[in-house]
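Here the structure comes first, spelled out in structure tokens, and everything after it is commentary.
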Amino acid sequence: GGGGLTSDSQGGAAATTGDILLGMVTPLSGSSAAIGPYMKNGAQLAINELNASGGVLGRQLKLVAEDEGCDPKTAAAAAAKLVTAGISVSVGGYCSSATLPTLSIFGKANIPMIIPAANSTDLIKDKLPNVFLLNGTGAQQAQAAADFMKSAGLKAAALVDDNTSYSKDITTRTAKDLEGQSTKVVNQQSVTAGEQDYSAAVTAILRANPDIVYWTGYYQEGGLIIKQLRAAGYKGKIMVADGSVDKQLVTIAGKDNAQGVLATMTQTPQTIPGGETWIASYKKAFNADPGPYSTQSYDAVRVAAEAIKNAGNTNGKDVIAALEKIDGFKIFSGSLKFTPEHTLTNGGFDILVVKGDDFALNN
Amino acid sequence: MSIDDGSRPERPSNSSANRSRPDAADASGFVNAVDDRGDTKVALAGSGLAPGKASTVNPLSRLISHPLFGLVVVVLAIALPFINSSAYTIRISTDALIFVMLAVGLNIVVGYCGLLDLGYAAFFAIGAYTAGVLTTTFGWPVIATIPFVVVAAVIGGVLIGGPTLRLRSDYLAIVTLGFGEIVRITANNLDFTGGPNGVFGIPDFGDFGLRADIATYWVVTVVVGLAVLASARLGRGRLGRAWRFVREDEDAAEAMGIHTYQVKFAAYVTGAIFGGLAGVLFAVHQTAISPPSFNFLYSALILMAVVLGGMGSTPGVVVGAIVIALLPELLRGAENWRYLVFGVLLIVVMIFRPQGIWPHRVGEKPAKARRKRVVEDEPEVIP
Amino acid sequence: MTAPVGIREAPGENAPRLLEVEAMTVAFGGVTAVDGLSFGVNEGEVLSVIGPNGAGKTSAFNCITGFYKPSGGHVRLGGVDITGKRPARIAAMGVARTFQNLRLFGELSVLDNVRAGMHVRIKQNAFDAILHTPRYHRSEQEATDEANRWLDFVGSRGNRYNEVRNLPYGEQRRVEIARALAREPRMLLLDEPAAGLNHNEKEQLLDLLRRISDLGTAVVLIEHDMGLVMQVSERIVVLNYGREIADGTPTQIRSNPAVIEAYLGAGDDVEEEAEKIAHQSDDQIFGRTEGEQA
Amino acid sequence: MDFEYLLQLILNGLFVGSFYGLVALGYSMVYGIIKLLNFAHGDIYMLGAFSGYTLLTIGAGVIGGQASIAVLVVIMLIAMVLTGTVGLILERVAYRPLRGAPRLSVLITAVGASFALEYGIAVSFGPNPRVYPVRLGNEAFTIFGARLTYAQLAMMLIAVALMIGLDQAVRRTRSGRAMRAISQDPKACLLMGINVDSVITRTFFIGSALAGAAGVMSGAYYGKIDFLMGFIIGLKAFTAAVIGGIGNLRGAVLGAIVLGLLESFGTAWLGSEWRDVFAFGFLILFLTVRPTGLLGERVTERV
Amino acid sequence: MSNVLEVRDLVVSYGKVEALRGLSLTVGDGETVSLLGNNGAGKSTTVGAISGVVRVTSGTITAFGKDVTNAKPWDLVEMGIIHVPEGRRIFSRLTVHENLQIGGYAVSDTSVINQRIKQVYSLLPRLAERRSQQGGTLSGGEQQMLAIGRAMVSGPKLLMLDEPSMGLAPLMVAQVMDVVRDIREQGTSVLLIEQNARSALRVATRGYVIDSGVVTIEAPAEQLRADPRVVEAYLGK
Ligand SMILES: Nc1ncnc2c1ncn2[C@@H]1O[C@H](COP(=O)(O)OP(=O)(O)OP(=O)(O)O)[C@@H](O)[C@H]1O
Ligand SMILES: Nc1ncnc2c1ncn2[C@@H]1O[C@H](COP(=O)(O)OP(=O)(O)OP(=O)(O)O)[C@@H](O)[C@H]1O
Ligand SMILES: [Mg+2]
Ligand SMILES: [Mg+2]
């Protein structure tokens, strides 16, 4: 059994004893299955640290992760499962299209969501009180990319996305930002993720003769596109968005081909001072390298804990109020203060560049 | 065999495969090295009289073919929130019910009429998007969108079915698959459909003072229950028989005056309407819809529900749909093992129940008719 | 005893021809299966079409019933041109047929198979079926009753809820005929109904054909069993290489040298058959239809 | 559209088409003989890529980082035997028990097998993509201004050689004829003295081996492999097989090339996002005009 | 005279239905043996069991001195046991010529196959006329000829024909029976199933009457023709 059937029977009084549960909806199967563990581990690392220092409000934290397979229906079921499990805060959300249907489920249950990865502006379009984005939005990233192109004096840009919301969001916004600017968008297209041959797209890009190609999808396809661009004789610049910032990009593209590839990216442990210790503890805990969104997930847990601590209880409304009040809390992308739309005040995007086997800060 | 592979030996000869025995080996285009057939209902040698054989349905299947049985299932479904009202239970049950509606709709096309449709999710998408766009962009209440959903689904069915229903089954399969992909990609590429993020913030039917998810659950239960009933009844009526005739033998059906093309068309369009209406329920339930929900894999899953349950058998298809909808949820904790297990289970189930979990049976007839036959066993001879 | 449908009036002397085939030609690539064939069928008569294998009999049937499109010529039914119409249209106009190789709906019940024949007459739409209106129940009941009557008529015994493919061959043949009769055709085309039947079953078939003819339905029969053909036909058309080589009464046909050469042969079988027939009076052969002979 | 660009599009189309072709052949063969749409076929391709990967990783010490085409060919042959065997086992375990069952039931086991293969690899290799330890260089030559790398040329030549070999084998030998006969009436084939099971087994072996070869080639050429890589190409191969006239081997290759070209031109004219809409739209229109595909046997249905 | 085929106490069941219930028969070298029986009596099942396409539940089948119970059909074809099935089952989308070639599948020597195909064409000229037509488009009678011709290409030592005259015109029935006679004269043993008992008993040397899966009468052909039971049931008065 459990719960009443009437309209006011959900989101009742929060428990005041026992573990505080944090829920995470993340892909653990399907084509994005590789991402899930990175996020899960990042969050777990934060929980371990917090628990070691006594937990929050004297209670221990516990992570409950559910698979979404990047599928909206599975994600919604996962969210409902987390609601039923009694989580206090949701710290998950990777695929935007799969995160959208979870908004109302968490919303109706009065559970705050601190979304570490999904960053489509659609998530905050309806101004739901419980939704907070901990990742820079597409708008911010696009701005960073456009600024770079202009300042580098590039005349022609090709924008390529993988036709998913995250990726397309960035290209459309970049194109908008470049409207009427010195950099012209000479080619814009959406390829299908999961394929291997992008030569048709590459041919079209080459024909448009751009100075820079901006790829906003993930590293799997990104690596292939870089390789195929180079094989087709493309000599200009290539830039990728944060979804492609991963060592694997270099491996897939081939070290030679990947040299000098730029990226728009928020701060990562690799790029901030003191990051090495974080990487080391991650490695120690999970015997693996951190990957995309490990840091954001780590931060999401810490932010959640901070808000609960400030609220003094786990009641959704109070935690949300606490989240809105947070100011100056240190996270990887800088110091945290949510905008009225519940996004980061400062996207914190930097330009990285591939040097050797990995990305480094471009100076 | 229900789906004609188009390779019926055009002229097996005077008798051939039809000759007095179920010869599934020919029918499937396969053969066992040795004709080692299991138990089949066969007329006794030479006698021509097989008194009452096939109508002696086993007690279980008589129980479940009883009209009351369906009622009991519906009552149980309605009572679910009183038994377990957790958000998770309600959600996955609603999902499963919507899936049942899809499977029942596809069953009309595949199970009744024998048309292989690999792009059924297209109609699901058309329904969901029509409802989604009309409610969010124009602020309509969901109910008001239903006529438009039906019209949109019918238009979709006519557009794709019209020119292609003459194709042989496997060609039809690829055409429908292509159509499914076209619909999904188009939704992904257009602006008014919200691009890859789709449409979100879709309102529900109203909460009637209940918890919103439970209100939706009950609405869905009622609609799906009616849909199941309608499809079962359609299957037994005149049109339903015509579908089966076409599935079994188009030429013979034509010779009986049945316009086979129209009949196929009717199946296709009816299926489209079911799919479209299921789409409305889905849109309401998800509140946010986006292209990935309508991919080929989803069409394949619906087809699986139909085949796994038993093509042409309404209770079978309902069971198949519930299995296919809930199994991955039950295996949720297994992560990537989940689909490995799922795949292996599919194979195992099909090997042990090649006709489906609950196949359609000929010979299950209303009790009234059964009694009647007893009297008529010694037929009066008309001069 | 009531027949399942109202017995139609026997046609008068100058009744128009029910079916008129005029210079019909069918060619497949190099093969001309039917080559300028013309013949007619009168209301209510029993006509046999015989001829060597590959003479084009089945092809001619297929043209008449719309399954093949003739490349030349015309087919008229009751004066209406039906050349090239779709099979369903032609069937709805009162032409029913069976197939040389049985074409039953194998996985359906015997009753459903017969109800297929009544399909176009069942007064019921999709909404009736969904809502189970009184009209639905009435029409279903009527259809079932009528199907049962037709099955009784053809002498089908055994369980009618059985899948038809599980029936013995002879029984399936009967069901196929019942299905065609349920169409209430003006004309019934039977393609080798006796093939694969044993002696006893052939006798029963003969009796059935006579009863069908008694209903006033015209019967066109393709058959290689000369015993049956000679006993049941009022008139015989003989085809060879797609052309008509003879047209006449059984007596005329069995002594026609062209027919003997092309089809019957001088085998002992035929002699025996001929002997047998010779012993019967024409009356016995033609039963009640004798009076209508021209 | 200038000539160079046109030629480049054609070359791209041909190159992609040759991959589709290798996979489509197996699809078409299996369909031709047992009327099964083998949805697991694309995953055999994936398996080929992973076998090649494993072999190369094991043998990396021996051959060093820079593999020659010759080494790749050897690896490819071994991988072909491996995938062929998997195909054969698949037939034994998942399809043969269902001979005589409704055709769609087998389709479902095929989808089940596809899931099992994909996620079997996902759990054993992990969900992360793998990268082939060898690299084919970017050296290219130009013909009339269109650019083709030597690696691409080599791949196309291998594909063409395999296709011609198969075509000859099927046409020239009596087992080719037996395959066609089995597709029509397997039981009658028994009475002709044909060992139907072994012919079917052989078909699966050959089809799977070809897909495996394509898998290795794609791994070596594109570099990245992952457990879902077979899905899309499986759909494309199915489409190609249908365009060509399903069950017809030459048709499958022709269909694959047509599809490759359609995609290439679709991208050029409408952009990548509309490419599949273009290809499928064309397919639908084409089939309404020619319902049996390019080379599909036109059957005069007899009644 | 040695027996090419000996069937002892054959039992075959399809699920619960026992189609054969202890049937025994023999075919001697060069003999033509006819099987008569009602629809569903078990005639086709018997030849199916002999040619290995129907599984035998119990009993033994010996051919050319070897036990071949439940042997593989292809091995039996190699031994020269050829079964022309009920309903012809020609390959409808192969041409007439290809159908004949398939008939020679078990023969490895192509020249032998071609030789035999030539013989078939001369024996059945109608097939030669139609050699490149698809099998499925032949008329019923033509298909029957093709089925027999196809069997002859494989070089049968024991030829089993299941209702070869079904659907044939009288002249053609006579021709087929002549072919059967020719085949017998070449020394091939023949097992002939026929509904057309009159013709069958004319070419056969011996015959069996089967009823419900067992042999009820066994006698030389002339004797059967005179047997009142046979006359009543199969020949007609
Ligand atoms: N679809 C077709 N394609 C090619 N040839 C055909 C087709 N249909 C029939 N034929 C040819 O036309 C001729 C007549 O065939 P049909 O079936 O009409 O003969 P039939 O008189 O019914 O013979 P039978 O008594 O043997 O059944 C045959 O030679 C046959 O091969
Ligand atoms: N595949 C099968 N499955 C089930 N029962 C079968 C099968 N094949 C034959 N039977 C049954 O076995 C019995 C014998 O059939 P069989 O075909 O041997 O008879 P037959 O003497 O050849 O008859 P016919 O004259 O009709 O050809 C029949 O009762 C038949 O219904
Ligand atoms: Mg005929
Ligand atoms: Mg038989």
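Just so you know, these numbers use all the heavy atoms, side chains as well, and skip hydrogens, waters and symmetry mates. Note that this is a predicted model, so its numbers are computed, not measured. Residue numbers start from 1 in every chain, and the chains themselves are labelled A, B, ... in the order their sequence lines are given, proteins ahead of strands.
- Between B:R233 and C:Y136, the closest side-chain pair of non-hydrogen atoms is not below 4.5 Å.
- Looking only at heavy-atom pairs under 4.5 Å with chain C, the residue among B:G237, B:A252, B:A253, B:G240 that has the most is B:A252.
- Take B:V154 and apply the side-chain contact (heavy atoms from CB on, under 4.5 Å) test, not counting sequence neighbours, and it matches B:V150, B:V158, B:V269, B:I273.
- The closest side-chain heavy-atom distance from C:F105 to B:R241 is not below 4.5 Å.
- The shortest non-hydrogen separation linking B:D251 to C:F99 is O-CZ, 4.0 Å.
- Taking C:Q124, C:H132, C:R89 one by one and counting their heavy-atom pairs under 4.5 Å with chain B, the maximum is reached by C:H132.
- Nearest heavy atom pair, residue C:A91 against residue B:G257, reads CB-N, 3.3 Å.
- When each of B:S231, B:A266, B:G312, B:A230 is checked for heavy-atom pairs under 4.5 Å with chain C, B:A230 comes out on top.
- When every heavy atom of C:E140 is checked against every heavy atom of B:R236, the shortest pair comes out as OE1-O, 4.0 Å.
- Ranked by heavy-atom pairs under 4.5 Å with chain C, the first of B:L239, B:T270, B:I258 is B:I258.
- Contacts of C:L208 with chain B are absent, with no heavy-atom separation under 4.5 Å from either backbone or side chain.
- The backbone N or O of C:I122 sits less than 3.5 Å from a side-chain atom of B:R238, completing a donor-acceptor pair.
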Apply side-chain contact (heavy atoms from CB on, under 4.5 Å) to B:F245 and C:L108, showing your working.
-> CA-CA 8 Å; B:F245 297 149; C:L108 303 185; 3.5 Å; yes

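- For the set B:L229, B:L234, B:T260, the entry with the most heavy-atom pairs within less than 4.5 Å of chain C is B:L234.
- Contact check on B:R244 versus C:D112 returns no salt bridge, with no Lys/Arg side-chain nitrogen under 4.0 Å from an Asp/Glu carboxylate oxygen.
- Checked options C:H119, C:R179, C:R115; the residue passing with B:M256 is C:R179 (criterion: side chain to side chain contact (heavy atoms under 4.5 Å, CB included)).
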